[in-house]
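Working notes for the structure below.
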Amino acid sequence: MSTSSPHILVTEPIPQAVVSYLQNTGEVTVAQKGAYQSEEQLLQDLPKYDALLCMLSTPVTEKVLNKAKNLKIVANFAVGYDNIDVKAANKLGIKVANTPNVLTEACGDYAMGLLLALSRKFKEAEQYLRDGKFTGWEPLGFLGMELRGRTLGIIGMGRIGQAFAQRARAFGMNIIYHNRSPIDPKKEKALDAEYFNDHKELARRSDVLSLNCPLTEETHHLVDRELLKIMPQHALLINISRGAVIDEAVLAEALHDEIIGGAALDVFEEEPKVHPKLLSAPNTLLLPHIASATHKTREAIGMLAAEAITSVLQGKPDDEIPNLISR
Ligand code: DGY
């Protein structure tokens, strides 16, 4: 491949505006849907490329990076980057970037939407109507949880956690949260939010528990059998972070046994697989990882990742490259 025009691999179809922008910088290959969800294909193809614009479903492992001899930058089309071995990349001098900020509002809206849909049983009620069972207004049909005065516990009070808290406050909910450290006191005050150092105590006190933390060694299976037992029996669980923050098999059992009141899950431990017992669990809303899926946000995510790639390929200094991650 010629050295004059860098080669850029995009591992899934993305908004055309982003592809056009990247084409000003190099030769762009956009893969077909699902082409790079395993190491094998990456091991084979990545050595040809100077830059990678990848998805949260692209496993950018140490093995893959070691073989990618021409690679200068990995830009993730996501804010979460647990799919990338950042340490290995940094050791090899390969830069890594993600896309914070631009998806905050879309994800905040979506979390609120999940909570409303789950607490008011939208899915079951709509299915009932479609099944032709709606034969008249029922005073005892589909009674759900009213949000005003209930407590929302948020684990992970970053931008998205705060966006959700802001919306939930507007619905009259009380906000409590757990985070590595308390947020800026001004922001805490604006949200009227209370910090809990102990996430178990937070779970005990939450009518709704929302997971908005990154997936790390510390948060892997943070929601386990013990935590589910601590939660109130009526409590609802919402996850738009990463699937493996929950022990999915244990959650599926807890939902079947009515240990908690329900769950809305946008993310799964082994996407795109969904635990079979979750598929049959009561009061469970299962969505295909679409928290950031608005036209505006997905284009903004792509542009941010593309800007990082362009900056690196143009040889800009690190402080001019957006959202570099180092380990
Ligand atoms: C991300 O960007 O990490 C989100 O999972 C997208 O929904």
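Read the numbers this way: they start at 1 and go in the same order the structure lists the ligands and their atoms. What's counted below: heavy atoms across the whole structure, side chains too, no hydrogens, waters or symmetry copies.
Proximity of Asp207 to Leu152: side-chain heavy atoms (C-beta onward) are nowhere separated by under 4.5 Å. Side-chain contact between Val96 and Leu324: absent, with no pair of heavy atoms (C-beta onward) separated by less than 4.5 Å.
Scanning the protein heavy atoms around atom 7 (O) of ligand 1, the nearest turns out to be Ser292 OG, 3.3 Å. The nearest heavy-atom contact from the protein to atom 2 (O) of ligand 1 is Val79 N, 2.8 Å.
For His289, a nitrogen or oxygen atom sits less than 3.5 Å from a nitrogen or oxygen atom of ligand 1, counting backbone and side chain alike. Here's the thing with Ala291: none of its N/O atoms is less than 3.5 angstrom from an N/O atom of ligand 1. Considering backbone and side-chain N/O atoms, Arg298 never comes within less than 3.5 Å of an N/O atom of ligand 1. Residue Phe77 places no N or O, backbone or side chain, under 3.5 Å from any N or O of ligand 1.
Grouped with Leu140 in one hydrophobic cluster are Leu143, the linkage being side-chain heavy-atom contacts under 4.5 Å among Ile, Leu, Val, Met, Phe, Trp and Tyr residues. Residue Phe142 is found in a hydrophobic cluster whose other members, listed by chain and number, are Tyr128, Leu129, Phe134; membership requires side-chain heavy atoms under 4.5 Å apart, directly or through intermediates.
Considering Asn323, Asn98, Asn83 in turn, Asn83 is the only one that fulfils the side chain to side chain donor-acceptor pair (under 3.5 Å) rule with Asn76.
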Task: Evaluation steps, ring-ring contact (aromatic ring centres under 6.0 Å, His included), between Tyr195 and Tyr177 - done: CA-CA 5 Å; Tyr195 177 68; Tyr177 74 99; 5.3 Å; yes
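Within the listing of ligand 1, atoms 5 (O) sit less than 4.0 angstrom from a heavy atom of Leu56. For ligand 1, the atoms sitting less than 4.0 Å from at least one non-hydrogen atom of Arg242 are 1 (C), 3 (O), 4 (C), 5 (O), numbered in the order shown with element in parentheses.
Atom CG of residue Asp109 and atom CG of residue Leu103 lie 12.0 Å apart, to the nearest 0.5 angstrom.
At a heavy-atom cutoff of 4.0 Å, ligand 1 is contacted by no atom of Thr99, backbone or side chain. At a heavy-atom cutoff of 4.0 Å, ligand 1 is contacted by the side chain of Leu103 but not by its backbone.
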